[in-house]
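Sequential numbering from 1 along the given sequence is applied to the chain's residues. Each ligand, and each atom within it, is numbered from 1 in the order the structure gives.
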Amino acid sequence: MTPPLWRDTSISDAPDVEFSAGGVVVRDDEVIAIVPVKRDASGHRVLGLPKGHLDGDETPAQAAQREVEEETGVSAELVDRLGDIEYSYERRGRRIAKRVAFYLFRYRSGDVADHDHEIEDARWMPLEEAASALTYEGEREMVGRALSRLASDR
Ligand code: ATP
């Protein structure tokens, strides 16, 4: 007999899954880094890349572009996919397994001073510096990939 759903530990122990998309926005040798108003789980400031959840039937690339434009205040054009990062975190006692797809964007226009209110600061930073200064290893890796990609284009 099949056990009731709530007794199936393979289901109740499975983490919730979350997906977002984000961008490495480049102009010359610089990238946009952001400091979200929201702190990390220990209350520390985070230096990161713009990203967010998909809305409606958006593709990951469309969501990444919208999040870049909303969060940083600039408009940018999609260049290429960079890859995914994965991490997990806890929310209200539940483990969340998260994947974020990152894309490379070329800056088009606009000013990072026009970032949105969920962002404390949005700033241009040398790619080399961001590759070591961003808070999370996965995002540093995405900046590293952008650097390799841009170097091979030259
Ligand atoms: P989104 O920007 O996708 O809407 P969010 O603000 O809801 O996301 P996250 O930024 O994923 O949530 O943050 C959830 C938790 O995971 C926080 O504690 C955050 O500090 C941590 N976190 C965020 N990015 C990473 C990462 N690349 N590696 C490890 N932990 C991360």
Side-chain angles (χ1 to χ4, degrees), residues 11-27 29-151:
I11 291 178
S12 60
D13 286 350
D16 290 346
V17 175
E18 212 172 85
F19 181 69
S20 279
V24 175
V25 184
V26 170
R27 178 183 68 184
D29 292 324
E30 294 188 314
V31 59
I32 303 177
I34 61 166
V35 178
V37 169
K38 205 160 96 187
R39 301 304 194 233
D40 73 7
S42 318
H44 296 116
R45 298 169 101 221
V46 170
L47 185 66
L49 296 170
K51 65 173 175 61
H53 293 84
L54 276 61
D55 274 354
D57 57 3
E58 273 180 337
T59 64
Q62 287 167 341
Q65 181 153 23
R66 178 184 49 73
E67 289 288 345
V68 157
E69 299 191 351
E70 283 175 11
E71 292 196 334
T72 71
V74 310
S75 111
E77 137 190 38
L78 179 66
V79 178
D80 210 351
R81 182 180 166 94
L82 289 171
D84 291 358
I85 68 173
E86 290 182 343
Y87 53 95
S88 75
Y89 68 97
E90 210 178 284
R91 188 175 59 208
R92 285 180 242 105
R94 293 282 301 165
R95 183 120 303 261
I96 314 284
K98 181 147 182 178
R99 192 154 58 89
V100 187
F102 276 97
Y103 296 82
L104 177 62
F105 289 91
R106 190 177 299 114
Y107 167 82
R108 220 162 20 199
S109 60
D111 191 329
V112 289
D114 297 325
H115 64 76
D116 84 6
H117 64 279
E118 288 171 20
I119 304 301
E120 188 172 298
D121 187 29
R123 63 181 86 136
W124 287 103
M125 176 179 278
L127 276 154
E128 294 276 3
E129 185 184 337
S132 62
L134 295 189
T135 302
Y136 297 114
E137 207 269 329
E139 295 193 356
R140 295 197 295 270
E141 161 77 19
M142 291 301 126
V143 173
R145 288 190 195 179
L147 268 167
S148 313
R149 160 73 211 248
L150 296 166

Taking side chain to side chain donor-acceptor pair (under 3.5 Å) as the definition, give me every residue that meets it alongside Y87, ordered by chain and number, with sequence neighbours left out.
none
Tell me, do E67 and K51 make a side-chain contact under 4.5 Å, heavy atoms counted?
no
Amino acids contacting ligand 1, non-hydrogen cut-off under 4.0 Å
S20, K38, D40, A41, K51, G52, H53, I85, Y87, Y89, K98, Y136
Check whether more than 12 heavy atoms from other residues, nucleotides or ligands sit under 6.0 Å from atom CD of E128, and answer yes or no.
no
Holding to side chain to side chain donor-acceptor pair (under 3.5 Å), I want the full list of residues that pass it with E118, two or more places apart in sequence or in another chain.
none
Which residues pass the salt bridge (charged side-chain N to carboxylate O under 4.0 Å, His left out) test with D84, not counting sequence neighbours?
R81, R99
Any donor-acceptor pair under 3.5 Å from E71 side chain to D116 backbone
no
